[in-house]
Amino acid sequence: MKIIAMIPARYSASRFPGKLMQDLNGKPVITRTYEATVNTNLFDDVLVVTDSQIIYDEIKHIDGNVMMSKKEHQCGSDRIAEAVEDLDVDIVVNVQGDEPFTEVDSLKKLINVFKNDPNKEIDLASLMVRIKDKEEIKNPNTVKVVLDKNNLALYFSRSPIPYLRDENVNVKYYKHKGVYAFRKQALLDFYHFPMLTLEASEKLEQLRYLEYGKKIKMVETNVQGVEIDTPEDLERAKKLWK
């Protein structure tokens, strides 16, 4: 089973433009993410896919593997699907460029989903973290996921789901972390499927997989880390890095 890690890296993020080139204690965020992914030693290859000459030059500068996107893309899945179309690979792990705290145990759990799936029933796997803070549950920037009894994703939302009508019910809330592992075919299918209503409404690409009947296995991790979506996140990351 050939497994590679792909790091999609857009320069012009809407909420925090240029965030991947922001300094994180001596190195850009994208460089920290790339090095953390390589250092897991889990992959046959690690590749940054970018639309930015600045990011391309940075990864080349550290002798990393990087390629330019040929097209404009709406989301990370599209960008890496274009990149892997002609590659000989079985499993593609998508590590977000703004996740410099990506670590080995969580990625190993994702890869094991496919090693323990001989009938190839799972199309993709992704990480989630239990959340208890009420403000975070309500925050639309925190994407929540609800599950069936086998930890397959039923739905992802920016809204607090499930809605707690009865306070006596012991509901667990999970935050979706944007780290995925795909079978190559699921990724290519996504690339060729048009966007449907749920994805367009929530602006969450993972909903396209569900709308087309793909199975997403969710894996719980206790590693919270910091996703760098805002300047405030970057400051938190700097403190955590120290």
Side-chain angles (χ1 to χ4, degrees), residues 3-69 73 75-84 89 91-111 125-129 141 143 175-182 187 205-206 219 221 223-242:
I3 304 168
I4 65 170
M6 305 286 285
I7 306 175
R10 285 180 66 234
Y11 186 81
S12 56
S14 56
R15 273 184 287 166
F16 189 6
K19 67 180 181 180
L20 297 185
M21 288 301 297
Q22 293 291 321
D23 180 78
L24 178 53
N25 292 32
K27 293 182 181 180
V29 170
I30 185 62
T31 304
R32 293 290 190 193
T33 302
Y34 179 82
E35 290 176 345
T37 307
V38 170
N39 289 339
T40 64
N41 294 315
L42 291 173
F43 303 105
D44 296 300
D45 203 358
V46 177
L47 182 67
V48 174
V49 188
T50 185
D51 60 355
S52 161
Q53 190 65 48
I54 297 169
I55 292 173
Y56 181 92
D57 291 344
E58 166 61 23
I59 301 301
K60 275 291 182 189
H61 175 69
I62 62 166
D63 293 324
N65 295 323
V66 59
M67 65 185 289
M68 291 288 288
S69 287
H73 292 297
C75 64
S77 286
D78 280 341
R79 185 168 283 109
I80 64 172
E82 177 211 308
V84 303
V89 60
I91 304 298
V92 180
V93 178
N94 173 5
V95 177
Q96 301 289 2
D98 60 1
E99 287 265 11
F101 297 96
T102 297
E103 48 73 52
V104 63
D105 289 340
S106 298
L107 294 178
K108 197 178 287 184
K109 287 177 182 177
L110 283 185
I111 291 167
S126 194
L127 295 176
M128 62 183 182
V129 179
N141 292 326
V143 177
K175 172 184 178 179
H176 179 221
K177 288 175 66 68
V179 181
Y180 297 92
F182 312 84
L187 196 53
E205 64 189 79
Q206 59 270 44
V219 177
T221 176
V223 179
Q224 186 70 261
V226 176
E227 297 161 27
I228 299 171
D229 289 322
T230 64
E232 292 75 24
D233 292 338
L234 180 61
E235 291 309 309
R236 285 198 298 131
K238 286 178 180 177
K239 289 175 185 172
L240 191 58
W241 200 272
K242 288 176 182 173

Discussion item. Checking the side chain of S126 only, and the main-chain atoms of V179 only, is there a donor and an acceptor separated by less than 3.5 Å?
Written reply: yes
Worksheet entry | M21 CE to I54 CD1 distance, which is reported to the nearest 0.5 Å | 7.0 Å
Check: residues 58-65 side-chain donor-acceptor pairs under 3.5 Å, at least two apart:
from, atom 1, to, atom 2, distance (Å)
E58, OE2, T31, OG1, 2.5
N65, ND2, D45, OD1, 2.8
N65, ND2, V46, O, 3.4

Worksheet item: Is the side chain of T50 donor-acceptor paired with the backbone N or O of Y56 at a distance under 3.5 Å, no angle test?
Response: no
Worksheet item: Roughly how far, to the nearest 0.5 Å, is the CG atom of L234 from the CD atom of E232?
Response: 9.5 Å
Worksheet item: Would you say I4 and V84 make side-chain contact, with heavy atoms under 4.5 Å?
Response: yes
Worksheet entry | salt bridge (Lys or Arg N to Asp or Glu O under 4.0 Å) against K238, all qualifying residues, sequence neighbours excluded | E235
Worksheet item: About how many Å separate CZ of R32 and CD1 of I30, when rounded to the nearest 0.5 Å?
Response: 13.0 Å
Worksheet item: Hey, what do you get for CG (N25) to CG (L240), rounding to the nearest 0.5 Å?
Response: 10.0 Å
Practice prompt. Can you spot which of E99, M128, Q96 makes a side-chain contact (heavy atoms from CB on, under 4.5 Å) with K177?
Written response: E99
Response to the item:
Residues at least two apart in sequence or cross-chain that pass salt bridge (Lys or Arg N to Asp or Glu O under 4.0 Å) with K108, listed by chain then number, are none
Practice prompt. Take D98 and L20 through the side chain to side chain contact (heavy atoms under 4.5 Å, CB included) test and state the conclusion after the steps.
Written response: CA-CA 6 Å; D98 60 1; L20 297 185; 4.0 Å; yes
Worksheet, complete the sentence: Scanning both residues in full, the closest heavy-atom pair of P100 with A36 reads O-CB, 3.7 Å
Worksheet entry | L47 CG to M6 CE distance, which is reported to the nearest 0.5 Å | 4.5 Å
Worksheet entry | Nearest atoms (heavy-atom pairs only) where D23 meets G26 | OD1-N, 3.1 Å
Discussion item. Name the residue from V48, V95, L24 that meets the side-chain contact (heavy atoms from CB on, under 4.5 Å) definition with T33.
Written reply: V95
Discussion item. Please check: side-chain N/O of D44 versus main-chain N/O of I3, any donor-acceptor pairing under 3.5 Å?
Written reply: yes
Discussion item. Minimum heavy-atom separation for K27 and E35, please, with both atom names.
Written reply: NZ-OE1, 3.0 Å
Fill in: Validation row: I228, Q22 side chains within 4.5 angstrom (heavy atoms)
no
Worksheet item: For F43 and L107, what are the C-alpha separation, side-chain angles and deciding distance, and is it a side chain to side chain contact (heavy atoms under 4.5 Å, CB included)?
Response: CA-CA 10 Å; F43 303 105; L107 294 178; 3.9 Å; yes
Practice prompt. Can you see which heavy atom on A83 is nearest to which on V49, and at what distance?
Written response: CB-CG2, 3.8 Å
Fill in: Partners passing side chain to side chain donor-acceptor pair (under 3.5 Å) against D57 (at least two apart in sequence or in another chain)
Q53
Item to complete: Mind checking the OG1-CG spacing from T221 to D105? Nearest 0.5 Å is all I need.
Response: 8.0 Å
Worksheet, complete the sentence: For D229, the salt bridge (Lys or Arg N to Asp or Glu O under 4.0 Å) test, sequence neighbours excluded, returns R15, K19
Worksheet item: F182: what forms a ring-ring contact (aromatic ring centres under 6.0 Å, His included) with it, not counting sequence neighbours?
Response: Y180, Y209
